[in-house]
Amino acid sequence: TVYPGQRVTAQHATFRLGKMPILYLPYARKSLRETHMRVSAGYRNLLGAYGTFIYKTDLNYAKKTTARFKLDVMERQGVGVGVDVESEWESLDGGRSEVAGYYATGGKSYRGIYEDEDRWLASAELLERPGEHFVLAGKSDIYSDPHVEKHFFWKDYRKAPTIETYASLSWLGDRFG
């Protein structure tokens with residue numbers, strides 16, 4: 001449903017990349033008053049000449065849900081597309097989740113490796129406090145190869161150059177928390 005100049009709402013919305021579904025939302029709402037876009041171009045030794053387009057939108061599905069869509073065109077790494085969705089919701093201390101994916105193809109050889117190989121990453125993270133004394137946390141990062149994060153997400157790689165996967169359920173006694 002379109003409300004001119006205000007918002008667009010959709011039920012059972014499926015976002016697709018070509019014919020492949022990449023995101024399903026039972027309900028989505030998008031303000032027509034907000035636009036968050038970034039276009040950049042430049043040159044890096046690893047990428048060669050590159051151009052990046054990022055579109056960020058608030059979906060307002062839960063307390064706060066934000067989606068970011070990314071398109072990269074890189075001389076040495078090929079073409080890459082990605083989506084990442086972050087959500088916050090009401091719970092004792094506020095719950096948070098993030099799901100992200102990125103796919104690149106058609107890259108030239110970098111130091112003799114990864115020529116014309118499809119490269120990808122997928123990541124999911126959850127933090128929830130389901131009860132007064134419990135904290136549930138988990139994260140899983142899956143990559144096509146050990147260098148994909150360094151080559152495509154070098155800022156994140158510099159902060160923590162390790163692949164993180166963990167799950168925990170913690171109990172906080174009366175004297176903690």
Side-chain angles (χ1 to χ4, degrees), residues 10-18 20-31 34-38 40 46-47 52-72 74 77-105 114 117-173 176-177:
Q11 293 182 343
H12 304 290
T14 303
F15 297 90
R16 298 177 185 273
L17 182 61
M20 181 176 64
I22 57 172
L23 176 65
Y24 168 79
L25 294 171
Y27 177 80
R29 177 182 170 175
K30 170 66 180 112
S31 172
E34 304 168 9
T35 301
H36 308 280
M37 283 192 284
R38 186 176 79 191
S40 60
L46 182 64
L47 305 176
T52 297
F53 173 78
I54 296 174
Y55 178 76
K56 181 178 175 184
T57 184
D58 294 329
L59 299 175
N60 298 327
Y61 171 63
K63 178 180 175 186
K64 181 179 179 184
T65 302
T66 302
R68 189 175 71 166
F69 302 92
K70 182 175 183 179
L71 171 66
D72 293 319
M74 302 157 284
Q77 300 288 358
V79 176
V81 293
V83 63
D84 122 14
V85 179
E86 278 185 53
S87 187
E88 295 177 7
W89 58 86
E90 297 291 336
S91 67
L92 289 175
D93 285 338
R96 189 180 73 74
S97 66
E98 181 176 353
V99 178
Y102 188 82
Y103 176 81
T105 188
Y114 307 122
E117 288 187 27
D118 294 347
R119 302 179 72 198
W120 54 268
L121 69 81
S123 178
E125 187 173 1
L126 170 73
L127 178 63
E128 173 64 82
R129 191 155 178 197
E132 185 177 349
H133 296 289
F134 292 97
V135 175
L136 176 65
K139 181 174 181 171
S140 179
D141 292 335
I142 305 168
Y143 299 94
S144 61
D145 60 80
H147 300 103
V148 72
E149 186 176 43
K150 182 178 180 181
H151 292 170
F152 294 100
F153 299 93
W154 58 275
K155 288 180 183 176
D156 294 334
Y157 177 81
R158 283 188 0 208
K159 290 178 193 172
T162 57
I163 295 174
E164 286 189 280
T165 298
Y166 62 85
S168 70
L169 177 61
S170 303
W171 179 76
L172 305 175
F176 301 98

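Source: prediction; values computed, not measured.
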Item to complete: Could you pull out all residues at least two apart from Thr52 that satisfy side-chain hydrogen bond (donor to acceptor under 3.5 Å, both in side chains)?
Response: Asp72
Worksheet item: Taking only residues two or more places apart in sequence, or in another chain, which ones meet Phe69 in a ring pair (Phe, Tyr, Trp, His ring centres under 6.0 Å)?
Response: none
Discussion item. Keeping Ser144 on the side-chain end and Arg119 on the backbone end, is there a donor-acceptor pair under 3.5 Å?
Written reply: no
Fill in: For Glu98, side-chain contact (heavy atoms from CB on, under 4.5 Å) partners two or more places apart
Asp84, Glu86, Arg96, Glu125
Worksheet entry | For Arg38, all residues meeting salt bridge (charged side-chain N to carboxylate O under 4.0 Å, His left out), sequence neighbours excluded | none
Worksheet item: How many angstroms lie between OH in Tyr143 and CH2 in Trp120, if you round to the nearest 0.5 Å?
Response: 10.5 Å
Worksheet, complete the sentence: Nearest heavy-atom approach of Met74 to Val79 is CE-C, 4.4 Å
Worksheet item: Rounded to the nearest 0.5 Å, what separation is found between the CE atom of Met37 and the CD1 atom of Ile54?
Response: 12.0 Å
Worksheet item: In Å and rounded to the nearest 0.5 Å, what is the OH to CG distance from Tyr103 to Asp118?
Response: 3.0 Å
Fill in: Partners passing side-chain hydrogen bond (donor to acceptor under 3.5 Å, both in side chains) against Ser123 (at least two apart in sequence or in another chain)
Asp141
Worksheet, complete the sentence: d(Leu121 CG, Tyr102 OH) to nearest 0.5 Å is 8.5 Å
Worksheet item: Quick one: side-chain contact (heavy atoms from CB on, under 4.5 Å) partners of Ala137, sequence neighbours excluded?
Response: Leu127, Tyr166, Ser168
